Amino acid sequence: MTPLRWIWLVLGLLYAAFFSWYTAFGGPLSDEEIAGYLRMAEERGSPMPPEAVAMLRRFMEEDTGDDFVMVNVVDMYDTPLQIPGVEPGETSDEVLAKYMEYMTPALFARASHPVWLGTAANTAMDLMNAEGMEEWTRAAGMRYRSRRDLLDIAMNPEFAGRHEFKVAALRKTIAFPIDPWFQLGDPRLVLALVLGLVGCALSWLVTVRERRGGGSSA
């Protein structure tokens, strides 16, 4: 195989590996999966209120099978709640980091990550029928590869204990999914462009060297 073919083969394999990791291929949740997740949710701790069960069922039944973004707006306690596992003097950020000790590797394994995040620059500047929602600390948009991935993370028994640290760190929070959604810098597109540029550059270098080598030997 020629060097040029090797270059494009390796780059193609790299892109295929990333694309297969980053993209959800499972399709929408099946009726059997929905029933299974509902059963797992009911078996965790105290029974879920009927409205919470209805909300979760709707979230699963309206699954598109594609990725989505969870919009999170949070307000942190100045001092975290003193629950078991929270050390005296720890900040709310440090307590939330304990929650993320499970979440971060679980998210990465499923190609889920923030697509934007930031710290609040002011109190809420436009409120309608939202009393008490003036103060916020930060906001983020978390991209999940699929609703199935989010449910697998949330239903993992390891998540149950860690969730208490989130409760201890956050005074209030709002989280809701958006799907469909759009971003200009989809990593699959960006990587394709980068690898294409790398491939063209390497192909040019190989071609120049081959021509120079052929010319010197002549």
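Since the structure is predicted, the reported quantities are computational estimates derived from the model, not experimental observations.
- With Phe59 as reference, Leu150 is the one residue of Leu29, Ile34, Leu150 to meet the side chain to side chain contact (heavy atoms under 4.5 Å, CB included) rule.
- The number of heavy-atom neighbours closer than 6.0 Å to CE of Met1, taken from other residues, nucleotides and ligands shown, is above 12.
- Looking only at side-chain heavy atoms (C-beta outward), Glu210 and Pro3 come within less than 4.5 Å of each other.
- Listed by first and then second residue, the salt bridge (charged side-chain N to carboxylate O under 4.0 Å, His left out) pairs that reach into residues 180-190 are Asp67-Arg188, Asp186-Arg188, sequence neighbours excluded.
- Applying the side chain to side chain contact (heavy atoms under 4.5 Å, CB included) criterion to Glu87, with sequence neighbours excluded, gives Glu90, Lys98.
- In this structure, Leu38 and Met60 have side chains that are in contact, with non-hydrogen atoms separated by less than 4.5 Å.
- In this structure, the side chain to side chain contact (heavy atoms under 4.5 Å, CB included) partners of Trp21, at least two apart in sequence or on a different chain, are Phe18, Phe108, Ala111, Arg145.
- Sorted by first and then second residue, the side chain to side chain donor-acceptor pair (under 3.5 Å) pairs involving residues 191-208 (not counting sequence neighbours) are Trp8-Ser203.
- Each salt bridge (charged side-chain N to carboxylate O under 4.0 Å, His left out) pair with one or both residues in residues 101-123, not counting sequence neighbours, appears once here: Glu101-Arg162.
- Side chain of Arg171 to backbone of Met76: a donor-acceptor contact under 3.5 angstrom is found.
- Below 30°, between 30° and 60°, or above 60°: for Tyr99 and His163 the angle between ring planes is above 60°, a perpendicular geometry.
- Taking 4.5 Å as the limit, some side-chain heavy atom of Glu42 sits within range of a side-chain heavy atom of Val53.
- Among residues two or more places apart in sequence or in another chain, the side-chain hydrogen bond (donor to acceptor under 3.5 Å, both in side chains) test is passed with Arg148 by Glu33.
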From CA spacing to verdict: side-chain contact (heavy atoms from CB on, under 4.5 Å), Leu151, Leu56 = CA-CA 10 Å; Leu151 292 164; Leu56 180 59; 3.9 Å; yes

